[in-house]
Each structure stands twice: as structure tokens, then as C-alpha cells.
Student: 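Pasting a structure below so you can have a look.
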Amino acid sequence: MADIPILTLLLVLSAAGAAAALLVPKRYAGAVALAFAVLVFLLSLLLVLPHATTFSFDYAASSADPLHLQLGEAHPWIDNAGQPDHRFGIWYRVGVDGLSLPMVFLSTLMTMAAIAYAIHEPKRPNEFFGLLLVMQVGVLGVFTAQDYFVFYIFWEIVLIPMYFLIGIWGGPRRDYAAIKFFIYTHVASVIMVIGIMALVFENLRLTGVWSFAFADIAASAPQMDLVFKGGVFAALFFGFAVKMPVVPFHTWLPDAHVEAPTAGSVLLAAILLKMGAYGLLRIAFQTFPDVLRTSYSWYGIDLPETRQILAFLGVVSIIYGAFICLAQRDLKKLIAYSSISHMGLVLYGMSTTTGIGISGAVLQMFAHGLISGALFMVVGSIHHGTGTRDIPKLGGLAQRLPLTAAVLVVASMASLGLPGLASFVSELTVFTGGYQAYGLVISPVSIAIPIMGVLITAAYYIWALQRVLFGPFVERGLPMHDLPRNEKVVLLGLLVLIAFFGIWPAAILDMSTPGSFEVASLIGGLTAGGR
Amino acid sequence: MLEHLLYLTWLIPFAPFLVFGFIYLMAALGWNLGQAAGHLSLIGVGISALLSVVIFADVSSGVALGPIEVVWVSFPSSGGPPLQYTMGLQFDHLSALVGMVVGILSFLITLYSLGYMRGDVGLHRYYAHISLFIGAMLGLVYSNNYLMMFIMWELMGLCSYLLIGHYNHKPEAAAAAKKAFLVTRIGDVSFLIGLVVIWNTFGTFQFSAIEQAVGGIKDTMLLAHIALLLFGGAVGKSAQFPLHVWLPDAMEGPTPVSALIHAATMVKAGVFLVARSYPLFVHADPIALTTVAWVGGFTAIFAASMALVFFDIKRVLAYSTLSQLGYMFLALGVGGYSAGIFHLMNHAFFKALLFMGAGACIHAVHSNDMRQMGGLFKKMRWTGLAMLIATLSISGLPLLSGWWSKDEILTDVLLSGVWHADILYFFGLFTAVLTAFYMFRLWFLTFWGTPSHHAEHAVEAPPTMVVPVVLLAIPAALSGLLAVYVLDLPDFLEASEGMAGELFFQLGAFGLGSVSLELAGQALGSVMALLGLYIAWVMYGRRYGKRNVEYLKDLGWAGVLYRTLWNRYYIDQLYVGFCTMVIVPFVRLQARFDQGGIDGLVNGIASAAFALGASLRRLQTGIVSHYAAMIVLGIVLIAVVGNAQTLAGFLDELARQNFGYGG
């Protein structure tokens with residue numbers, strides 16, 4: 001179908017952009033990086049638009065056979081296929097389906113936005129922009145990989161640029177935050193890789209063939225022992241849960257966000273957190289659909305169904321993350337904690353194992369990417385514009401910084417799920433799925449509790465808006481400025497997109513819905529849109 | 001109307017939406033439109049209003065229009081047609097009537113704003129938000145499904161928030177905006193849950209499809225759940241007890257906003273929602289309608305009692321709005337579908353007039369306090385006269401519009417068999433006395449007696465403000481008469497849902513009434529209104545300012561009552577106390593737990609690993625003799641723990657290989 005290896009081209013162009021940004025003279029680094037990011041974005045846009053080119057995503061084929069990979073590429077890498085002592089079966093395998101495509105698009109979009117926002121970065125710009133593009137290589141690799149080995153390599157690539165972004169360009173406690181981020185998520189990755197190796201060896205034992213391919217292992221997974229699968233699921237889930245992050249594995253996140261430079265925070269919230277949720281859906285759900293509906297017993301204690309455990313963690317994240325936002329004084333920390341709450345909604349949506357709930361979760365991932373990116377940017381702008389992010393020290397900004405204020409209002413409204421903006425339909429569909437799976441009040445994971453998150457979310461945003469933007473202006477004796485031109489363009493552009501995907505959510509749902517319903521039917525959850 | 005022309009009706013919500021978008025686009029490009037934004041809004045709203053009138057003319061003359069619909073989101077369903085979220089408009093009698101009322105009032109109030117808001121620094125914001133609001137309200141009225149209704153509902157909530165906080169440098173306005181958003185949000189969550197349950201019960205959000213399917217659902221408790229969840233949304237939006245606390249504070253917004261959003265239109269959305277969902281309510285377990293009736297009836301008397309004591313003219317009107325909304329819910333709850341909508345329409349006219357008139361007075365004396373007014377009738381004849389008509393009308397004096405609908409409501413209560421209809425009837429009747437009293441108290445305090453020194457230089461407002469007020473006096477006086485004799489409203493409305501017969505059959509289960517009882521009830525209603533008027537005349541009119549409720553303050557038990565009313569039954573304090581004394585300490589504790597507990601554990605593991613590493617590091621001294629000692633120690637350890645024989649063999653082997661000798 002595709003003559004052009006478009007996905008590889010995206011990776012190569014990102015890497016080339018990183019190299020170029022490192023090599024060009026300092027004052028061109030931002031412009032060169034932005035040029036490459038725009039190029040990659042435009043390519044991914046062509047990929048997403050129906051029928052634009054030969055390498056565009058085929059929506060019709062996707063709804064006929066949802067989890068069939070499109071634009072796939074497969075080349076042997078660490079493999080001696082055909083030899084008598086066949087070893088390793090590691091291939092460079094990439095491809096997309098309707099579940100990964102929104103994430104690919106989100107990654108290129110938000111990387112471009114982050115680079116444009118930070119284009120005037122004065123401190124070591126070559127390395128700064130180079131690292132942002134290296135990160136893009138990593139996340140695009142994660143969202144397109146179809147081989148565990150490739151997946152894991154890209155997964156680890158992402159860590160390194162983020163570590164340096166926090167450690168070099170970060171705030172006063174950057175060393176602490178960077179190390180904590182690295183070690184915490186790396187420990188999680190190591191546990192994940194133990195799970196992956198166990199899977200590969202079990203597959204080898206069952207089939208006699210080395211393979212790291214997602215598809216091969218998913219094919220032999222039904223023959224694996226249910227307890228073994230439960231253990232592997234737990235290992236993988238731990239890796240993903242730290243990344244998402246799920247309460248109680250979340251404490252690296254506020255530290256990392258508070259210290260990270262704005263562009264780093266944007267990519268962290270908008271894209272990196274999605275890797276965890278995406279991994280859960282792509283690997284854990286599709287390889288072990290049966291684990292989700294199994295009730296394990298652990299040292300004689302009968303546990304609920306695995307999906308209910310996930311749902312419970314989702315509910316805890318939603319409520320815990322939302323409540324703790326009410327106590328924050330640092331605006332950036334507030335936004336950071338709100339991500340925990342919103343990613344909890346993603347976990348909850350997936351755990352319903354209903355088609356509508358999973359497609360809502362994917363939409364929520366996309367929407368949260370746009371919205372949290374915009375929120376971190378506007379908080380960065382407030383910090384630049386006023387010299388502080390401390391809520392009690394702010395006040396009445398709407399009078400002096402009307403544009404900043406307007407952006408903060410719209411982004412907050414989007415984040416609290418206002419209809420017409422991006423995250424409303426995702427909330428509605430997630431809760432619809434939740435009702436199908438768990439009812440209204442009959443169990444601890446019924447929708448009655450998580451839906452209260454909607455209310456608490458409104459409370460912390462509206463309260464923060466009141467304290468930051470409204471009331472009498474607090475004179476701080478500092479020069480203040482409204483949005484500079486590049487920040488203005490980026491933020492207004494993001495707001496337009498937030499409104500666009502709110503008014504036309506089908507743009508994302510048309511990609512994600514068929515695959516979500518297919519995953520749901522693999523698991524044996526409800527597949528109907530209603531009833 | 002030709003079929004393709006029907007698509008023009010999308011302009012009803014979208015003409016104002018486009019104006020909203022255009023104003024902000026210009027603002028983003030650095031061009032503040034100022035007063036021109038007002039003219040643009042007026043054009044946008046004018047288009048919508050005109051279309052809404054045309055639609056009403058068509059629908060009332062029996063032309064069937066629409067519905068028009070587009071697919072929004074589609075989900076696959078196993079073995080059936082895909083399930084869809086749709087966006088669509090429907091033009092039945094209910095939406096045509098309410099839409100026309102909203103359209104006309106929106107136009108008049110936008111016109112009024114041109115005068116009232118002139119010179120404000122945030123004019124472009126104001127008109128952008130007003131336009132967005134009007135589009136959303138009309139979109140809600142004409143929508144043909146719950147999802148679109150909810151979307152419009154939330155957009156209105158946003159506009160309400162932004163407009164209450166229009167003077168956002170004032171801390172009170174900012175606080176009131178926050179309160180309005182959060183309190184209504186409680187109701188919105190209920191509505192949202194209702195949406196989820198509706199979708200999972202019916203597989204659609206369309207009113208018509210649900211109306212057809214609802215008869216086939218035997219689980220009346222499920223229907224009651226849905227109905228009550230929707231009603232929860234209505235309680236928030238229409239500010240019924242216990243979520244009534246936001247509306248009086250919302251008066252911090254500009255007066256045209258109070259007139260349009262917090263009196264005539266948005267707060268009616270809850271009533272409209274219940275009316276729209278009437279098939280659900282009627283088929284549900286009677287607990288649903290009973291709850292509606294009781295919440296409405298209680299709010300009517302409860303809010304009216306608070307309206308007795310305040311001096312802020314807008315605040316009195318706000319409590320009055322709460323009380324009148326309570327009447328509407330009471331009507332719907334006892335089965336008086338047409339009475340509820342009838343009162344909705346009448347109230348929209350006279351309450352919009354009252355707010356706009358109050359705005360003119362505030363404009364004239366630069367204060368909301370009625371004690372700063374007084375004697376304005378001589379200075380502002382047109383406004384005073386129009387306000388008098390509206391006051392008479394809301395009090396329910398015979399033949400004026402409020403009389404028709406209020407009597408119909410009281411009659412419906414009397415005839416219904418709802419749980420303790422007798423108490424509800426008493427609530428309704430007593431509220432009528434209170435209404436007449438506080439409304440005439442307001443009118444006398446404002447327009448009667450001798451002017452306070454603030455009011456001495458008051459002059460009539462400019463024509464853009466007076467003309468809409470005077471124009472509104474016509475429907476405020478006559479809408480009841482016209483609706484009954486020209487439109488034949490009860491038939492008109494019940495034909496719209498195609499459920500007249502069905503409805504009355506259902507209501508038969510509630511109770512039976514008699515004609516003589518009905519007549520007695522009507523007469524009693526009018527007597528009560530006159531009674532209230534008379535008391536107000538005695539206390540505030542005849543001997544202006546001599547003897548009035550404020551003197552109760554120092555009178556023993558009456559003083560307690562007075563202070564209770566003045567403190568709004570302490571309910572606001574209760575809510576604030578809950579937030580500051582329960583929620584805030586809780587989240588602070590949680591934040592400490594997060595830092596000290598969870599993160600403390602994480603850091604504790606890290607420090608333990610670090611400490612282990614630090615102590616093990618001492619083993620790596622770099623001194624060869626230490627390593628040699630370690631090797632010997634290791635060998636000894638293996639010898640002790642492991643098999644000594646094997647060790648001996650191993651040493652032998654080692655010796656033979658390396659040194660060429662051994663055993």
C-alpha cells in the first residue's frame with residue numbers, strides 16, 4: 001500500500017532535525033528545530049487526513065479490520081532467520097492502527113507547539129532543541145513500534161532527553177527532580193522489561209521460535225498459563241502505571257513538572273504520560289484480554305476481576321488527584337496534579353473494557369494532551385509575565401494581562417470538561433462505558449464516585465481562576481507583560497484546536513472507535529454503543 | 001417553508017455564535033470593537049429573533065417544520081444500526097412558543113444594553129458573552145435531543161459565569177461568579193449522570209425516539225431515576241432549594257444580564273428541561289413528579305419569605321424569581337404542564353421588565369439600595385408606570401398576565417392527588433400574599449414617598465433603555481389574556497407533545513377535583529393578592545417609611561425571624577462553613593500525606609538503597625591485602641556452608657592446573 005516508509009521517515013526526520021539543531025550556529029538552532037518539527041507535523045497530518053496521499057491512513061479498511069496494522073514496515077534486525085540455531089527474532093517492526101494514530105498526531109503537534117513556544121530559549125539552545133527532537137524520536141517510536149525490543153528501546157530513549165531537560169534547564173530543585181524522575185521511571189521500566197523477557201521466553205517455549213513481535217506473542221498468549229499471565233500483566237502494568245502515573249506511583253510527577261522548563265512540562269504532560277496509557281492498551285490489553293476478566297486469588301484472598309482493580313486505581317487517581325489540587329499554592333503544581341486526575345479517567349475508561357469506554361479513554365488522552373499542553377504554556381507565560389506562580393501572590397491579572405487571562409480561562413474550562421471543548425465527549429463516553437460495566441451505584445467502581453471528580457475539578461479550576469485572575473489587582477512592583485508574539489500564536493492555535501476537536505470529536509473518534517470496540521470484544525466486554 | 005430553506009434555521013443559534021466568534025477574533029487581532037460589538041450583537045440576535053417569530057407563526061398556523069438533524073458521532077453496535085450522537089433542531093409547539101419569547105426578550109435586552117452598558121471598558125467581552133449566551137439559549141430551546149441540550153446548557157453556564165464576573169475587579173463579583181458556576185455544576189453533574197443513564201436505557205438522546213420508547217419500559221423506578229437525575233440538573237440551573245444560593249449573589253452582574261439570564265431565560269432552562277422530559281416524568285414512578293412538586297412548592301414560599309426583608313432592589317427581584325420558578329415546578333409537578341409553561345412565559349415578560357426598570361432606577365441614582373431611592377415616580381414616569389403594571393401582574397391582580405397562570409397553577413394543585421396537595425396549595429396561596437406584599441414594598445420604596453437626597457437629581461433613562469421597558473409592558477400586562485383567548489394555550493401546548501390524552505389519563509391516577517372547588521380556588525387566589533397589596537400599602541404606601549418590617553428587628557421572636565430571613569436561613573453560611581471547615585482542612589491534610597506519606601515512602605526506599613550502597617562502598621577500600629583477606633574469608637565461608645569435600649577437590653584441581661603438583 002505504501003511506497004514510502006512514512007513512519008520511518010517521521011523517525012528519521014526527527015533524528016535529523018535533532019542533529020541539525022545541535023550542529024547549526026546557536027542563533028539558528030530554534031528555527032532549524034522548528035522547521036523540522038513543522039515538516040514532521042505536516043507529514044503526520046497527511047498521514048491522518050483521509051485519502052490525502054497514498055500513505056494516508058485508510059479509515060475504511062480500519063473500520064473493516066480495526067486492529068490490522070497499516071503502513072507497516074518489518075525488517076530483520078537481530079535475527080538470523082533460516083539458520084539452524086535461529087536466534088532472537090528481533091525485527092524492526094513499525095505500523096499504526098486507529099489506536100496509535102491519534103497519539104502519533106498528538107506527538108508531532110505538541111512537539112512542534114513546544115518548540116515554537118520556547119523558540120527564544122537563551123540557555124544552550126542547540127542542546128535544548130536537539131533534546132526536544134530526540135524526545136520526538138522516542139515517543140514516535142513508542143507509538144509506532146510493533147516489536148517488544150524496538151518498543152523498549154524507544155521507551156528508554158524518551159527518558160534521557162527529559163532527564164537533561166529537567167536537569168539543565170530546570171528550576172531550583174532540578175537535580176533532585178531529574179534524578180527522581182529518571183530513577184523512578186527507570187525502575188518501572190526494568191520491571192516492565194522483566195515481564196517482556198518472561199513473555200519472550202514463554203513464547204519460545206511454547207512455539208519453539210524466537211520472536212519479539214507483538215503479534216506473535218499475542219497469538220501464543222492464549223496458550224500460556226493464566227497465573228503466569230497475571231504475573232506478567234502485573235509487571236507490565238507497573239511499568240505503565242508509573243508512567244501514567246497512577247496513584248500511589250505518582251509522586252515523581254509534581255516534582256518533575258515543577259522543576260521542568262515549560263517546554264519540558266508540555267511534552268511530559270501532553271505526550272509522555274500517554275505512553276503509559278497507550279502501552280497498557282496496546283500491549284497489556286491486547287496480549288492478555290483474558291486476564292482482565294479473571295479474578296485471581298492471592299495467598300488465599302480472592303481478588304476482584306483484574307479490570308475492577310484497574311478501575312479502582314482509576315477512581316482513586318481521579319478523586320485523589322482532584323482533591324489534592326484544591327490544596328495547591330503553586331499554579332504549576334496544581335496543573336501537574338490535575339494531570340493525575342485526568343489520566344485516572346483514562347485508566348478508568350479503559351478498565352471498563354467496553355468499546356465506548358475505551359474509545360472515550362483514547363479521546364481523553366488526545367484531549368488531555370492538547371489541554372494540559374496549553375495549560376502548562378499559559379502557566380509558563382504567567383511566570384514569565386509576572387515573575388511568580390504562587391497563587392496567593394497573584395490576583396487581578398485579568399485587568400493587566402487580558403490575553404493571558406482569556407487563554408487561562410478557556411484552557412481551564414476545557415480541562416474541566418466544558419462541552420464544545422475537547423474533553424467533554426471523552427468524559428461522557430468514559431462514564432457511559434463505566435455505567436455499562438459497573439452500574440450507577442452498585443459497586444465501589446460504579447460511576448457515582450468518579451463522576452464526582454468532574455465537580456471537584458470544576459472547584460479547583462474555578463477557585464484558582466478567582467484567585468489568580470479576578471478581584472483587585474495585586475501590585476507587585478515588577479514589570480509585567482502580556483503574551484509575546486510566538487507564545488500568543490501557539491496558545492491561540494492550541495485553543496482553536498481544542499475547540500475544533502470539541503466541536504468535531506469524530507475527527508479522533510473515527511480513528512479510535514473501531515479499534516476500541518475490537519479490543520472490547522477481545523476482552524468480552526460490552527461492545528454495543530448503548531444498553 | 002421550503003425544505004432547503006429549513007437549514008436556515010441553524011442560523012438561530014449560529015448567528016449569535018458567529019458574532020461571538022467575530023468579536024473575539026477581532027480582539028485577538030488587537031482590535032477592540034467597543035460599542036460596535038453591541039451593534040453587531042443586535043444584528044445577530046435580531047436575525048435569531050426574527051427567525052424565531054417566523055417559526056412561531058408557521059408552527060401555530062399548523063405548518064409542520066423539521067426536524068433537521070446531522071450526525072455528530074457514531075458508534076458501532078453489534079448486530080444493529082450504529083448508535084449515534086446527533087445534533088438537531090425541532091420545531092414543535094413548546095419550542096416554538098418558548099423560542100419566540102426568548103428571541104424577543106433577547107433582542108429587547110440587547111437593545112437595552114446599548115444604553116445601559118455604554119462607556120463600560122469591557123464592552124467587547126460583554127457583547128461577545130451575551131451573544132454566545134443567546135445562541136446557546138435558543139439552541140437549547142430548539143434542540144431535539146438531550147445531548148445538544150446539555151451542551152447548550154453548559155455553554156449558558158459558562159456565559160452566566162463570565163457575565164456575573166463581568167466587573168471582575170470587584171471581589172464580590174468574582175466570588176459570586178465562582179459560586180454560581182460551582183453550585184450549578186452540582187446540578188450539571190446530576191444531568192450528566194442522567195445523560196449516561198438515558199443513553200444506556202434508550203440508545204439515543206432524541207426526544208421523539210425516547211417518547212416513543214418510554215411506554216415500553218416497565219421499570220418505572222428506572223424512569224424515576226432518570227427523571228430525578230434530570231430534575232437535579234434543573235434544580236441547579238433554576239436555583240431551587242437547596243441549590244438556590246447562587247442566584248441572589250448573581251445579581252453582582254450587570255443589570256441587563258440579571259434581566260436576561262437570571263430572570264427571563266437561563267433560569268427557565270430547568271423548567272423547560274422538565275417540560276421537555278414530561279413523557280419520562282409521566283411514565284415514571286409518581287415519586288418523580290411528587291418530588292418536583294414539593295421542591296417547587298417549598299422553594300416558592302421559602303424564597304418569597306426572604307424577599308420580604310432585603311433593600312437591594314435586584315436582590316429582592318432575585319428572590320422573587322426563585323419563588324416564581326418554584327411556582328412553575330409546582331405546576332409541572334402536579335401535572336399542570338401547560339400551566340407551568342404559561343407561567344414561564346408570563347414571568348419572562350414581567351420579570352425582564354422589572355429588572356430593566358430596576359436597572360433604569362439604579363442608573364438614575366447610582367445605587368442598588370431602595371433606601372437611596374424613593375419618590376422616583378415623579379422623575380421617571382414611564383419607567384414607574386411600566387414597573388407598576390409589571391408589579392400588578394406578578395402579584396396576580398385579575399386579568400393581568402400573572403393572574404391567569406398563577407390561578408391555573410393553584411387550580412391544578414387543588415385538583416391533583418399528589419402527596420399532600422393540601423399543604424402545597426397552602427404554600428401556593430400564602431406565597432401569593434407574600435408576592436404581592438414584597439413587590440409592592442419594592443414599588444413603594446422605589447417610586448413612592450419623598451425622594452432621598454440621592455434620588456433628587458434622578459432623570460429618566462435614555463430612549464434605548466426606556467423603549468424596551470415600555471414595549472415590554474404590553475406583554476407583561478396582556479400575555480395571559482392573549483395566550484388564553486388568541487392562542488388557546490393549554491390546547492396549543494398539549495397538542496405539541498401529542499400527549500394530551502395520555503397525560504390526563506395518567507393524571508387521573510393522582511386525584512379528582514370538582515368545578516366548584518376550582519372556582520373557589522380562583523377567587524381565593526385573587527383575594528390573597530389583594531391582601532398582600534393592602535398590607536404593603538399600609539406599611540409602605542399610605543404612611544411612607546413610618547411602619548414597616550424593618551421595625552420587627554427589635555421585637556423578640558419577630559426579631560429572631562427577621563434575622564433568620566436577613567441571614568437567608570443561614571444556609572449560605574452552612575455551605576461556606578462546610579467548604580472552609582471540612583473540605584479545606586481535609587485537602588491540606590491530604591497534601592501533607594502525599595508529601596510525607598507516599599512520597600516519604602518513595603524517598604525512604606531511595607535513601608535506604610543509598611545508605612546500603614554507602615555502607616557497602618566501605619568494602620571497596622582499594623587495598624590489596626583487604627581483598628586477599630576477603631577471598632580467604634569467602635573460601636572459609638564456602639567451606640563451612642558448602643560441601644567441604646567439593647572444596648577440597650576444587651582446591652586440588654586448582655593447584656594441579658596452576659602449579660603442576662598436587663594429590
Side-chain angles (χ1 to χ4, degrees), chain A residues 63 180 183-184 247-248 250-252 255 320 323-324 326-328 355-356 359 396 398-399 403 406 409 413 418-420 424-425 427-428 431-432 434-436 440 447-448 451-452 454-455 458-459 462-463 465-466 469-473 488 492 505-506 509 513-514 517 521 527-531, chain B residues 24 27-28 71-78 80 82-85 147 150-155 157-158 161-162 165 168-171 173-175 177-178 181-182 185-186 188-189 192-193 195-197 199-204 225 583-584 586-588 590-591 594-595 598-599 601-603 606:
Chain A
S63 38
K180 186 170 182 176
I183 293 180
Y184 205 144
V247 173
H250 65 281
T251 52
W252 62 269
D255 286 324
Y320 185 97
F323 262 131
I324 207 161
L326 283 171
Q328 301 310 315
I356 199 166
S359 56
Q399 294 157 55
L403 195 58
V409 169
M413 289 294 163
L418 189 86
F424 163 66
V425 173
E427 281 181 3
L428 176 67
F431 289 126
T432 304
Y435 182 83
Q436 287 172 6
L440 185 57
I447 62 168
I451 214 165
M452 289 305 141
V454 173
L455 192 60
I462 295 295
W463 192 28
L465 289 182
Q466 182 200 4
L469 301 182
F470 305 135
F473 174 72
K488 181 173 158 178
L492 293 182
L509 286 173
T513 302
F517 278 75
S521 72
T527 54
R531 255 166 288 195
Chain B
Y24 267 131
V71 176
W72 197 41
V73 176
S74 177
F75 296 103
S77 105
S78 46
L83 297 167
Q84 291 167 335
Y85 293 167
L147 181 61
F150 183 75
I151 290 172
M152 297 301 166
W153 177 279
E154 291 285 280
L155 287 181
L158 170 70
Y161 167 75
L162 294 170
N168 60 43
H169 56 276
K170 283 170 63 186
K178 173 186 69 177
F181 194 95
L182 293 183
R185 189 81 178 169
I186 296 171
D188 296 348
V189 169
L192 183 64
I193 301 173
L195 282 185
V196 168
V197 183
W199 177 259
N200 285 312
T201 308
F202 296 101
T204 179
H225 282 141
I583 301 280
V584 170
F586 170 75
V587 297
R588 295 235 164 99
Q590 189 202 357
D594 196 63
Q595 292 277 305
I598 297 181
D599 201 33
L601 193 65
V602 171
N603 286 341

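Throughout, a chain's letter reflects where its sequence line sits, starting with A, and its residues are numbered from 1.
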Student: Need one label for A:Phe473: side chain, backbone, both or neither, based on atoms under 4.5 Å from any heavy atom in chain B.
Tutor: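 For A:Phe473, there is no contact with chain B at all, as no heavy atom is under 4.5 Å.
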Student: Are side-chain heavy atoms of B:Pro171 and A:Pro472 found at a separation under 4.5 Å?
Tutor: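 They are in side-chain contact.
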Student: Please work out which of the three classes, parallel, tilted or perpendicular, describes the rings of B:Tyr85 and B:Trp199, given edges at 30° and 60°.
Tutor: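 B:Trp199 vs B:Tyr85 ring planes: perpendicular.
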Student: Does the side chain of B:His225 reach to within under 4.5 Å of the side chain of B:Val197, using non-hydrogen atoms?
Tutor: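 They are not in side-chain contact.
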Student: Chain B heavy atoms under 4.5 Å from A:Ala459: which part of the residue, side chain, backbone, both or neither?
Tutor: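 Both the backbone and the side chain of A:Ala459 come within 4.5 Å of chain B.
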Student: Can you tell which of B:Asp599, B:Ile151, B:Val71 has the highest number of heavy-atom pairs within less than 4.5 Å of chain A?
Tutor: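 Looking at each of B:Asp599, B:Ile151, B:Val71 in turn, B:Asp599 comes out on top.
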Student: Which atoms of A:Ile324 are under 4.5 Å from chain B, going by heavy atoms: the side chain, the backbone, both sets, or neither?
Tutor: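 Contact with chain B involves both backbone and side-chain atoms of A:Ile324.
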Student: For A:Glu427, which residues count as a salt bridge (Lys or Arg N to Asp or Glu O under 4.0 Å) partner, sequence neighbours excluded?
Tutor: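 Scan of A:Glu427 (salt bridge (Lys or Arg N to Asp or Glu O under 4.0 Å), adjacent residues dropped) gives none.
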Student: With respect to chain B, which residue among A:Pro419, A:Gly434, A:Ala506 yields the maximal number of heavy-atom pairs within a distance under 4.5 Å?
Tutor: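 The candidate making the most pairs under 4.5 Å is A:Pro419.
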Student: Using only atom types and a distance under 3.5 Å, with no angle test, would you say the side chain of B:Gln590 pairs donor to acceptor with the backbone of A:Tyr320?
Tutor: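 Yes; at least one donor-acceptor contact below 3.5 Å.
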Student: Using a cut-off of under 4.5 Å for heavy-atom pairs, which of A:Gly471, A:Gly420, A:Ala458 has the most such pairs with chain B?
Tutor: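 Of the candidates given, the most pairs with chain B belong to A:Gly471.
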Student: Contact part of B:Gln84 toward chain A, heavy-atom cut-off under 4.5 Å: side chain, backbone, both or neither?
Tutor: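 Neither part; nothing is under 4.5 Å.
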Student: With a 4.5 angstrom heavy-atom cut-off, is it the side chain or the backbone of A:Ile183 that approaches chain B, or both, or neither?
Tutor: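 The answer is neither part of A:Ile183.
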Student: With sequence neighbours excluded, tell me which residues meet salt bridge (Lys or Arg N to Asp or Glu O under 4.0 Å) with B:Lys170.
Tutor: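 B:Lys170: salt bridge (Lys or Arg N to Asp or Glu O under 4.0 Å) contacts with B:Glu252.
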Student: Side chain from CB out, backbone as N, CA, C, O: work out which of these in A:Leu492 comes under 4.5 Å of a heavy atom of chain B, or both, or neither.
Tutor: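 The side chain, not the backbone.
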Student: Considering only heavy atoms, which portion of B:Asp188 lies under 4.5 Å from any heavy atom of chain A: side chain, backbone, both, or neither?
Tutor: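 Contact with chain A is absent: no heavy atom of B:Asp188 under 4.5 Å.
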Student: Test your reading of the model: is there a side-chain donor-acceptor pair from B:Glu154 to the backbone of B:Arg185, 3.5 Å cut-off?
Tutor: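 Side chain of B:Glu154 to backbone of B:Arg185, a donor-acceptor pair under 3.5 Å: no, none is there.
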Student: What are the two closest heavy atoms between B:Lys178 and A:Trp463, and how far apart are they?
Tutor: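 Looking at all heavy atoms of both residues, the closest pair is NZ-CD1, 3.8 Å.
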Student: Identify which part of A:Leu326 has an atom lying under 4.5 Å from any heavy atom of chain B, answering side chain, backbone, both or neither.
Tutor: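 Its backbone and side chain both get close to chain B.
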Student: Report the option among A:Val247, A:Thr513, A:Leu465, A:Leu455 that has the most heavy-atom pairs separated by less than 4.5 Å from atoms of chain B.
Tutor: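 Highest number of pairs under 4.5 Å: A:Leu455.
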Student: Give the member of B:Val189, B:Val602, B:Asp594, B:Leu162 that has the highest number of heavy-atom pairs under 4.5 Å with chain A.
Tutor: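 Looking at each of B:Val189, B:Val602, B:Asp594, B:Leu162 in turn, B:Asp594 comes out on top.
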Student: State, yes or no, whether a side-chain contact exists between A:Leu428 and B:Phe150 at a heavy-atom distance under 4.5 Å.
Tutor: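 Contact flag for A:Leu428/B:Phe150 side chains = no.
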Student: For B:Ala27, is it the side chain, the backbone, both or neither that has a heavy atom under 4.5 Å from a heavy atom of chain A?
Tutor: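 When you check distances to chain A, no heavy atom of B:Ala27 falls under 4.5 Å.
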Student: Is a side-chain donor or acceptor of A:Lys488 paired with a backbone partner of B:Ala28 at a separation under 3.5 angstrom?
Tutor: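 Yes.
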Student: Pick from A:Ala406, A:Pro248, A:Ser359, A:Pro505: which one has the most heavy-atom pairs with chain B under 4.5 Å?
Tutor: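 The option with the most such pairs is A:Pro505.
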